[in-house]
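As structure tokens, the structure follows; a few thoughts come after it.
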Amino acid sequence: MRVERNISPLRTVAQLIFLGMPTLFVLYFILGELNSYYTVLRNQQLYQCLYFGIGLVTSILFYAFRFRFISTYIILITTLYLIYKSLDKFGANLGEFDAFFISIQFLIFAILFGIGWFSGWLLQRVKYGASIIAGSILLSCILLINKTGGFNYISFITLFIPIILYTVYLTYTSNALINVDVTNKAFWKRFILKLLGFLLLSSVLIVATSLFLKKEIEAKIADAQGQGTENENGVVKRDKVGNVSFSDAMKVSAKNKRSNELVFCAHIENYFPNTDVPNPLYLTSYHYTKFDTLTETFERDSLMPFNDEFIPELGNMSLFSSATDSAVLKNANSFKLRNTIEVEIYNKLLNKNTFLAPTTSYFVQPITVDKNFQKEFKSAYRAKSYVSLLNSAYFIYNAPDPTIQAFQAQRFATLRNVKNTKTLDPNFVKYYTFFPSASNFKPIKKLAEQLTINKTTTIDKVLAIRDHFLARNTLNEPIFKYTDNPGIPGLPSASKLNYFLFESKKGYCAYYSGATLLLLRAMGIPSRIAVGFLSVDRSDKNKGWYWYYANQSHAWVEVYFPEYGWIDFDTTVGNEDAREAASADGTPPSPPAKAAFAISGYVTLTDSVKKEIVIQPVNFTYRDKIYMPAKETINLNAINANIIKDTIKLNFKNITVGDTIIGVNYNTKYFGFNDNNYSDLISKIKTPLPVDEVYVHPKQSVANTNKKEDHDNKPLSWISIFKIISVVVGVLLIMLLMLPSFIKLWLNYKTRSTDIISHYNAVQNYVHFYLHQTQQTNYTITPLEFSQQIDKKYETSYADFYASYMALKYNPHKSKYLKLQHEFLTDFITKTKVKNRFIKRLMHFINPITTFKYFTQYGK
Amino acid sequence: MPNSISILYHYLKSKFILRFNFFMAIGIGGCIYYLAITNQNDTNIAYPLILAMCKLALFALLSLTILSLISVIVSYIYLKNVTRINNHNVALSIKEKNNTQTALLINIEKLIMPIFGYLHIALTYDEIHETKIINLSASATIKGFIIKKLNASVPVYLPHIQSYEIKGGTLYIQDMFHLFRLAFDFKNPLSYLNNTTPISAKQIEITPKKSEELTIRIKELKRVDGELIHTKKFDSGDDTRRIIWKIFAKHKTLLVKSPELFNPFANELFIYASFYAPYLVTHPSDYDLHLLDYYKQQISNIVSTMEENNMPIRLITDQGNAIDTNNHHKIITSKWQANILLQDIVRRKFSNIICIQGFNAIEDIKVVLNNITPKDLVFFIKVSNAFKKNIFFNVLEKILLLSPSDTFKNLRTRWWFSIAKHETLKNEHAIENLLQGQNINYTQL
């Protein structure tokens, strides 16, 4: 088999030097970063680079010959795989550890060699291969660098600028080597000079750009390292206005920044049985159920089994409308010792969509804020939750109150009698007990086993973990401490949680909850992380009222007990800062009057004399229950009503037709009806319906704000972009297909000219175009002969016309003696129509390529 | 129809400003942007860092791109403007070597090169076709600091061995990253003879036949247009009596009548090539030119091989060329014809080498073969080989190796099923049988 060269040796050498070497150099850096990130690859940067390099260089040399890529690559991969498998099989003689080590080493070699080989092929054979490599390296570097911490401006720039430089360099060089005569010595001299010049220019530009962006980059680096105002807790995030919401993922980070602004206050109707001692409950927003081993991040997962998260679209709900999700209750799987708790949340800084309530919530209803408090609290809602009687904020920190202590003891006693988790759904158990199998998590598993050595019940295991975190050393000092700045682990690759558990032993809630979760899951106890706010009972004056400051945002663990459901366990050791109020708790807002009913709809008519509003109802809520309103309009009596838009009081005349309004009645005399029917209820209440408050949303502004929100929140989805593009492309395509017909119409229109010369020109153009479009073109014979041929075919008088056209063309004075040729044209059109059938004509006239040819060929 | 599509495609492609790399860059930029956007809703602690990197990368790439674009536009506008004033700013000329046209030369008087950018060229021929795009800036001599003067030889990639009317060309001004390309059309009509590609053919051993001593005297000057014909510039040593004073009176240059041509060689090789192919003339198809190319290439190889042996060659074809036309010009400009038989051109006295092909009439060949001596050499050129492919015999080779580049892949398949192929093979087979039956010295190519 004789294999010929595909590419000259000199070009191959050029590819090796100018494309291969820089790629290897950059890869050396990337592998360094990767090594520092994954412990499994440690300290082998040079070897790995060598493996990749061998693949790259061999591939460039190999594909300089006429080898096919796919077949050879398949052979290569298969060979490597077989060697790997045989190493596994025959390596047993070497001893288990050696075999494992060698096969892992070989695997790393094979993967890097394979990638190197592929890259070599891209550089050698694919025209834009270098650009593809450069682009992907840039992107992977962006993703990689963000995983390494501890930057300042200079180190960041020195790390990142070479990568950008490499990207542009590779693109430039690969393009410069296309279609050139490499054997020309003059070319090489010029090429190298050009390359140096290019590098100089691009370095200057990139450095200038980085200097231009210096301030911004510095700010961003500071942000990323937790010195900025964002990322307060790893779980809390803030939007531009400063509103608080929770994030979809929680990552343990080096620093935690807290502030002590008041975020909201809440009224929780929960007391210890038969006492007036308030029993605070943690307010949950989301659950993190999934653990991403790679990034050590706890994540939300919409696919979690037995999803009991109630996530109402609070921002889009109108006042007094309510939302209930009963599926949540089914999924909560708690039957014993269950209690319904009502809470009211008065929101100051929470994001309008953030919903907080004790686990497991199922009902929400936006309510009004008393006008005296409207300056402080921008909105409020009522929520209902099914809460286990065993649940309480008191778990770690024992209050001296005997009621609480008794409660604790009783609670643990109850939980000790819980059935085994074996009866549970296997999917559920598998999901909520997932524990990463990577080697760096093994110490955690070991610790879990040590801690629970003689413990049989779930609760005892949980308590053992609690006790581990509460343990004290011989000097009676706590071993685990709370800190917002746990610091960066010494080894960049060390798992942060390992570092926390075994070395530093200090951290904030994300560390404690994360470590607890892993310890619990290592023992096979279904658990998840909940994020929200911890409740602190500071006030004796207003029992059941709790104030929440930004530093109370929190993460803790929920443990599943069969038949009792999810129960909160907070293992974070005491953080005294969070429990001490930044400022004294204020006066609680006046308890809202409970609405008898609320009706919303569009205004169709107003009567300013009677103060009556006629509305087309959309929504009717009576005592928390939603009714489908009838289609007929309904009259509201607003004689005593406050008319409110946002927080401003308006006059009756400000209500205009088309506005959306919500009418609310608080009168207790309407409370007692028990009808299931909308019309019965209305008739029992009174018509026109008396309302105490009317909330107005003007038509225009509603539309505007909606639009704006859509614009802000929803970037165009790929599907809608695709739809728009396909519509545009479709229209363009149709236009393109119709183009010949349009041109024909236009040329026909131009024949209407009464000026004899332009008329003749137009007729000739029309005929010429028509014939060309129907594929009757003339390249060989004279135009007159051609016209005679046409006449023969269609029995027209084109030759006569052409003769007079030529006569006119060379002697314009003849125009006096010539007449308009409309008859000829009509005759020509009808006769050609008869001969060329419709389908044939259609096919000819939806062919813009022929038209294009007409203009390019005759135009030139 | 496919032809018009390809013309449209090439036209649009050549006029389209944005290049593939531009879309690549957009793609990468999009990915970077996407990275920045998706990480926004995350608590990802490194989000600001990603944003910083994305921003830096985007700005740096953008600044380089803008620089590229501006330089391309400046270069384009300058070239357009200068060419508007001076029509000959961009000029094509033909490079000749040993009396054969080898390449085209391009000369641009004034030009600004885009920063680290490229200048590419494609030639327009036969009204609408364009040659492939060639990188001009890599091999050109460029002088000047900002406003440059460019001289380059343009290798011409034209499909067939024949005479082409080159209309002009398109200069493509490209930026350093191949993101943008602006096309500048120029006109410069030229007639170019596309040469055969020299292939080192195997040595053909042949003893030239003794020909007549040939002395071409200028016995009487033919009346032809132009008085400068058969004259040359006066050099020292020329006979002063030959100076044409009439021309001196008119043009003030000393010209002498060309000296007598005396053929210094005692021996001369006569090569006869027949382009007689009535079948191809009556059945025009796409294959004609490819078959002709193959035939021309083979004849050219024979002629070149002979020339390498320093033999004087006289190629005689049936194309009605002037007697002193360059042999290679004769080959290039030849076409299939259906009027002149082989026997009409072969003169027994001077016969040496006779080239026949598959379309020659059997009877005609018989007549010629009856009249030649066994010393004479007959080349039978199987034009059907033009479509013969270097197929791999081995399946393994087929799987592992790329097939050699093939310029008429699609045509080959069509040829395989065509009537033309059937006709050609039939005729070639008959001629082969005929040649085998005769006691003559023949080579099959």
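Note on naming: letters A, B, ... go to the chains in the order of the sequence lines (proteins, then strands), and numbering restarts at 1 for each one. This structure is a prediction, so every number in the text was calculated from the model and none was measured.
- Ranked by non-hydrogen atom pairs under 4.5 Å with chain B, the options A:F69, A:F191, A:F160 are led by A:F160.
- Residue contact with chain B, scored on non-hydrogen atoms closer than 4.5 Å, involves the side chain of A:F212 exclusively.
- Contacts of B:L62 with chain A are absent, with no heavy-atom separation under 4.5 Å from either backbone or side chain.
- Counting heavy-atom pairs closer than 4.5 Å to chain B, the top residue among A:L201, A:L165, A:T72 is A:L201.
- Heavy atoms of B:A140 lying under 4.5 Å from chain A belong exclusively to its backbone.
- A:Y128 has its ring centre no less than 6.0 Å from the ring centre of B:F23.
- Ranked by heavy-atom pairs shorter than 4.5 Å toward chain B, the options A:V207, A:I163, A:L205 are led by A:L205.
- Of the possible donor and acceptor atoms, none in the side chain of A:Y172 sits under 3.5 Å from a partner among the backbone N and O of B:M176.
- Chosen from A:S136, A:G197, A:P848, A:S174, the residue pairing most often with chain B at heavy-atom distances under 4.5 Å is A:G197.
- Here the OG-CZ distance, from A:S210 to B:F59, works out to 12.5 Å after rounding to the nearest 0.5 Å.
- For CD1 of A:I70, the number of neighbouring non-hydrogen atoms (other residues, nucleotides, ligands) closer than 6.0 Å is 12 at most.
- Among A:K127, A:R190, A:E216, the residue making the largest number of heavy-atom pairs under 4.5 Å with chain B is A:R190.
- A:L138 touches chain B through its side chain: at least one heavy atom from C-beta onward sits under 4.5 Å away, while N, CA, C and O do not.
- Atoms CZ and CG, on B:F116 and A:L199 in that order, are 9.0 Å from each other to the nearest 0.5 Å.
- For B:I134, no part lies near chain A; criterion is any non-hydrogen pair under 4.5 Å.
- Of all the heavy atoms in A:I164 and B:A60, the pair that sits closest is CG2-CB, 4.0 Å.
- Contact annotation for A:A134: neither backbone nor side-chain heavy atoms come within less than 4.5 Å of a heavy atom of chain B.
- In this structure, B:L56 and A:L213 approach most closely via the heavy-atom pair CA-CD1, 3.9 Å.
- Separation of atoms CD1 (B:I28) and OG1 (A:T171) is listed at 7.0 Å; rounding is to 0.5 Å.
- Annotation for B:K335: atom NZ does not count as buried by contact number, only 12 or fewer foreign heavy atoms lying within 6.0 Å.
- The contact between A:I157 and chain B is made entirely by side chain atoms (from C-beta outward), counting heavy-atom distances below 4.5 Å.
- A distance of 5.0 Å separates SG in B:C31 from CG in A:L139, rounded to the nearest 0.5 Å.
- A cation-pi contact, defined as under 6.0 Å to the ring centre and within 45° of the axis, links A:K194 to B:Y118.
- For B:I17, the CD1 atom counts as loosely surrounded, since its 6.0 Å shell holds 12 or fewer non-hydrogen atoms of other residues, nucleotides or ligands.
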